Amino acid sequence: MNKSKIGLIICALTLPFLAQAQQNDTKMNRFLDDLMSKMTLQEKIGQLNLVTAGEAVTGSVVSTGVEQKIAEGKIGGIFSLSTPEKTRRAQEIAMKQSRLKIPIIFGMDVIHGYRTAFPIPLGLAASWDLDLIQQTARIAAKEATADGIHWAFSPMVDISRDARWGRISEGSGEDPYLGSLIAAAMVRGLQSDDLRAKDAMLACVKHFALYGAAESGRDYNTTDMSLHRMYNEYFPPYKAAIDAGVGSIMVSFNDINGVPASANKWLLTDVLRQNWGFKGLVVSDYTGVNELVEHGLGDLQEVSKLSLNAGMDMDMVGEGFLTTLEKSVQEGNVKQERIDAACRAVLEAKYRLGLFDDPYKNTDPKRAKTDIYTPAHLQKAREAAGKSFVLLKNENQLLPLKKQGKVAVIGPLANTGSNMPGTWSVSADHANTPSLVEGMRAALGNKVEIITHLGSNLVEDAAYQERATMFGRTIPRDERDEETILAEAVAATKDVDVIVAALGEASEMSGESSSRVDIGVPEIQQRLLQKLLATGKPVVLVLFAGRPMTIVGESESVPAIINVWFGGSETGKAVADVLFGDVNPSGKLPASFPKHVGQLPLYYAQKNTGRPLAKGKWFEKFRSNYIDVDNEPLYPFGFGLSYSQFDYGQPQLSTANMTAGGTIEVQVDVTNSGDWDGEEVVQLYVRDLVGSVTRPVKELKKFEKVLIKKGETKKISFTLQEEDLKFFNQELEWVAEPGEFEVFVGTNSRDTQVAKFTLNK
């Protein structure tokens, strides 16, 4: 069939959908025009007010007088309120007592699951499995909507290359390409194909913009970077979410080159709406508008005016819009047209969700009983956790373990179910989440005897431990002297065959406002680990982490290490699945693990300096390096072992010359030479050798996660297009420049095979 006929068929199939969409928009616009013609200025401003019911603690302020404000038309949305009964009661006030009966929209931080918790987002990213990630978002939406919620403050897509920043746990790591694909998958999973469906949620991509590049890795801190870096490295995931149809955007706390994001008209209007064509709802973060006062931009009326005029539509919790905008309109500092545009953005979101047709959507108590925390959802959580774990070391094939004998599970993370879901699991069922030990016992039954001991406190300082275990994530402390505790732990291992050391961070040592300057395993736990190693028994380190960690000592001394992040509701069972060989680990790091915190920010897609250090070298005077540690990460981006061994052939290119608008086929043979069937993430990177601006030494451009059976060789094919070679040049033009390129294919960003081609124009 020729291209013209294919084009005619596509047009024939597409035109009815376009016509229907235009018809729906026309209907919506008529409805909203009519509604807004009846609204007073105060009622329009009321729609811009998003308040919290305080059910989950996600900030330092809780709204007051909520029911009265609903009745007076002074609230557009409520977050942190759940269950069909509670949301219905609040909605009834709006529908029965307010003048115009405009429904409320209910939101929640649905970050990595709802009642059923999946791995933290950094862990999900480590699966490199886009279909799985989309499925977890779909389940989260199904559960949250069954519990009365319409709006998810997710996905968080901030690129982060500084592991000190606590919220690195909430995103997809350091790479814009991987992050962009995950952002789109999350949007599709949450919003589904039809926002009016009972199990679809309005997604909210956050935090716009550059939040993950906060100076010093300190949360909420200043961000300062060039436009070139902004467009090429940090903007892509936000743009990908918008291209995927995300319905709302949350603005970040940080300033950007001197102008806080919440008052940054260039960011919220010029880039977001004019350049990118975003037509949805823009909402502040928690009291983000009020915090402009502390940024030094003026009093509450001034900063509310600045924020609205910059492009903000909805004010979360602060109520500066509610209390000052009417006066600003009267004084001529805010135009009525800007109020109308913001109000319309809120009303459009509600309309697209179907709330004007059914204000009580998502308030059926039957769904809450059948669609939440189901066996099928828990099984998917177990699968997702197993695919997220990253095997970092497996000396002499210690893993997998045999399902027999006696295993000691020792450490402060061994017996804490509340920490397993990880940070930002505000709606998870922490009380009923099994601990690591409980989950392992449930998975293994009577095949393996498991004994356990605390081994050490989480950290030495009791006050630090309290900060690290907030929001009910308590880990018991043993206040006896350390030597006594260690002696008991070692004695408990006397008759065991293997020791599993459950060490690392507590879940609240990462996440919002949980930045750390020391990102290693706490010293008290390191001393426990050395005692366990001194027993002479095989030791497996099960590392709990919400970020890349500095584990040089552990990597040198422990024979087997598996990083399990925080795996969600079924962490314990999933750890057992991997440790005992029911699941062959396939996770790959979405962020580089540094050797030392002084290397941060650290990422694979670095640029060469004019004095680069030669590959494989450590120190050379007058080269770009340190005198006390080499430049390389401990574990590079994309790294992850398997119980199998995957061998790569030399990549083959279909041609050595790509023409403008053309393609190159890249093929590589990958052989599973091990004794296990396994999944491998085959990764393709590109380097532009000469550019009008400096270019990274490698950029991820393609990957495929593929199951390869033991003894099997699979030919993996990638198609590179000219579009894959484009970047924003100094004038912010999206271009591919002619010249030589290198293609790297391999099992991670470091261990690759290389080929070359030329782009001709």
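Predicted, not measured: the structure shown is a model, and the values here were computed from it.
A cation-pi arrangement is found for K206 relative to W424, the charged atom lying closer than 6.0 Å to the ring centre and inside a 45° cone about the ring normal. Remark: R115 fails to qualify as a cation-pi partner of Y373 under the 6.0 Å distance and 45° angle criteria applied to the six-membered ring.
Summarising the geometry, atom CZ belonging to F544 is positioned 8.5 Å from atom CG belonging to N419; distances are rounded to the nearest 0.5 Å. To the nearest 0.5 angstrom, S388 atom OG is 14.5 Å from K588 atom NZ. Taking OG of S418 as the start and CD1 of I475 as the end, the distance is 7.0 Å to the nearest 0.5 Å. In this structure, CZ on R527 lies 8.0 Å from CG on L486, to the nearest 0.5 angstrom. Here the straight-line distance linking atom NE2 of H377 with atom CG of D371 works out to 6.5 Å at 0.5 Å rounding. Note: K86 NZ to D147 CG = 9.0 Å, rounded to the nearest 0.5 Å.
R161 places no side-chain N or O within donor-acceptor distance of the main-chain N or O of A591, the cut-off being under 3.5 Å. Within the 3.5 Å criterion, the main-chain N or O of S169 finds no donor-acceptor partner in the side chain of S510. When atom types are taken as modelled, the side chain of K393 and the backbone of V558 share a donor-acceptor pair closer than 3.5 angstrom. Side chain of R750 to main chain of P633: no donor-acceptor pair is present (N/O by atom type, distance under 3.5 Å, no hydrogens or angles). The backbone N or O of S435 lies less than 3.5 Å from a partner atom in the side chain of E438, making a donor-acceptor pair. One N or O on the side chain of D162 and one on the backbone of R164 form a donor-acceptor pair closer than 3.5 Å. Between the side chain of N748 and the backbone N or O of P636 there is no donor-acceptor pair closer than 3.5 Å. E170 contributes no side-chain N or O that, together with a main-chain N or O of L122, makes up a donor-acceptor pair within less than 3.5 Å. In terms of modelled atom types and a separation under 3.5 Å, the side chain of E712 and the main chain of K709 share a donor-acceptor contact. Side-chain atoms of Q525 do not come within 3.5 Å of backbone N or O of V459 as any donor-acceptor pair.
Between the side chains of E174 and S592, at least one donor-acceptor pair of N or O atoms lies under 3.5 Å. S160 and R547 are not linked by any side-chain donor-acceptor pair at a separation below 3.5 angstrom, with hydrogens and angles left out of the test.
Nearest heavy atom pair, residue P476 against residue N457, reads O-OD1, 4.1 Å. Residues T493 and L532 approach most closely at CG2-CD2, 4.1 Å, considering heavy atoms. The shortest non-hydrogen separation linking L178 to P590 is CD2-CB, 4.1 Å. The two residues G568 and T433 make their nearest non-hydrogen contact at O-CG2, 4.3 Å. Across all non-hydrogen atoms, the minimal contact from N394 to A560 is OD1-CB, 4.1 Å. In plain terms, the two heavy atoms of P119 and H112 that are nearest each other are O-CB, 3.3 Å.
Counting non-hydrogen atoms of other residues, nucleotides and ligands closer than 6.0 Å to CG of N396 gives a total of 12 or fewer. Other residues, nucleotides and ligands contribute at most 12 non-hydrogen atoms within 6.0 Å of the NZ atom of K710. A 6.0 Å sphere centred on CD of E523 holds no more than 12 heavy atoms belonging to other residues, nucleotides or ligands. Around atom NZ of K494, no more than 12 heavy atoms belonging to other residues, nucleotides or ligands sit under 6.0 Å away.
In this structure, W128 and F703 have side chains that are in contact, with non-hydrogen atoms separated by less than 4.5 Å. A heavy-atom distance below 4.5 Å is not found between the side chains of F637 and L589. Residues L541 and V521 are not in side-chain contact: their nearest non-hydrogen atoms beyond the backbone lie 4.5 Å or more apart. No side-chain heavy atom of V409 sits under 4.5 Å from any side-chain heavy atom of H453. Counting heavy atoms from C-beta on, the side chains of I551 and L392 come closer than 4.5 Å. Side chains of F118 and I111 form no contact here, defined as non-hydrogen atoms less than 4.5 Å apart. When side chains are defined from C-beta on, V110 counts as touching M201, because their heavy atoms get closer than 4.5 Å. Taking the side chain as every heavy atom from C-beta outward, T452 and I410 never approach each other to under 4.5 Å.
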- Query: Should R516 and E505 be marked as a salt bridge (Lys or Arg N to Asp or Glu O under 4.0 Å) after you check the CA-CA gap, both sets of side-chain angles, and the distance that decides it?
  - Reply: CA-CA 11 Å; R516 295 179 64 194; E505 298 186 312; 2.7 Å; yes
- Item | Residue pair S425, H430: steps toward the side-chain hydrogen bond (donor to acceptor under 3.5 Å, both in side chains) verdict | CA-CA 9 Å; S425 52; H430 296 98; 3.1 Å; yes
- Message: ring pair (Phe, Tyr, Trp, His ring centres under 6.0 Å), that's the test. Do Y286 and F79 meet it? Break it down for me.
- Response: CA-CA 11 Å; Y286 207 114; F79 81 96; 5.7 Å; yes
- Check against salt bridge (Lys or Arg N to Asp or Glu O under 4.0 Å), E508 and R467: CA-CA 8 Å; E508 296 310 309; R467 294 193 298 274; over 6 Å; no
- Message: Run the side chain to side chain contact (heavy atoms under 4.5 Å, CB included) test on R382 and S569 for me, step by step, so that the C-alpha distance in whole Å, both residues' side-chain angles and the decisive distance to 0.1 Å come before the verdict.
- Response: CA-CA 8 Å; R382 184 173 178 174; S569 298; over 6 Å; no
- Report the C-alpha separation of S514 and M509 in whole Å, then their side-chain angles, then the decisive distance to 0.1 Å, and conclude whether the side chain to side chain contact (heavy atoms under 4.5 Å, CB included) test is met. CA-CA 6 Å; S514 291; M509 290 173 81; 5.8 Å; no
- Message: Please determine whether side-chain hydrogen bond (donor to acceptor under 3.5 Å, both in side chains) holds for the pair D219 and Y211, giving the CA-CA distance in whole Å, both sets of side-chain angles, and the decisive distance to 0.1 Å.
- Response: CA-CA 8 Å; D219 212 353; Y211 187 32; 2.6 Å; yes
- Message: Walk me through whether I499 and T535 qualify under side chain to side chain contact (heavy atoms under 4.5 Å, CB included).
- Response: CA-CA 10 Å; I499 300 170; T535 66; 3.6 Å; yes
- Message: Using the rule given for side-chain hydrogen bond (donor to acceptor under 3.5 Å, both in side chains), can you reason through Q404 versus K447, listing the C-alpha separation, both sets of side-chain angles and the distance that settles it, and then say yes or no?
- Response: CA-CA 6 Å; Q404 62 186 41; K447 296 176 182 177; over 6 Å; no
- Message: Under the criterion salt bridge (Lys or Arg N to Asp or Glu O under 4.0 Å), I'd like the reasoning laid out for D628 against K595: C-alpha separation, chi angles, the key distance, then a yes or no.
- Response: CA-CA 11 Å; D628 55 348; K595 290 188 174 82; over 6 Å; no
- Task: May I have the step-by-step check of side-chain hydrogen bond (donor to acceptor under 3.5 Å, both in side chains) for S507 and R473, ending in yes or no?
- Result: CA-CA 7 Å; S507 64; R473 315 302 175 91; 3.2 Å; yes
- Item | Criterion salt bridge (Lys or Arg N to Asp or Glu O under 4.0 Å) on R167 and E512, from CA distance to verdict | CA-CA 5 Å; R167 296 192 86 165; E512 184 169 359; 3.3 Å; yes
- Go through D175 and Y604 one step at a time and tell me if the side chain to side chain contact (heavy atoms under 4.5 Å, CB included) criterion holds. CA-CA 9 Å; D175 185 68; Y604 82 91; 2.6 Å; yes
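Ion pairing of E488 with R480 is present here, as a side-chain N (NZ or NE/NH1/NH2) and a carboxylate O approach within less than 4.0 Å.
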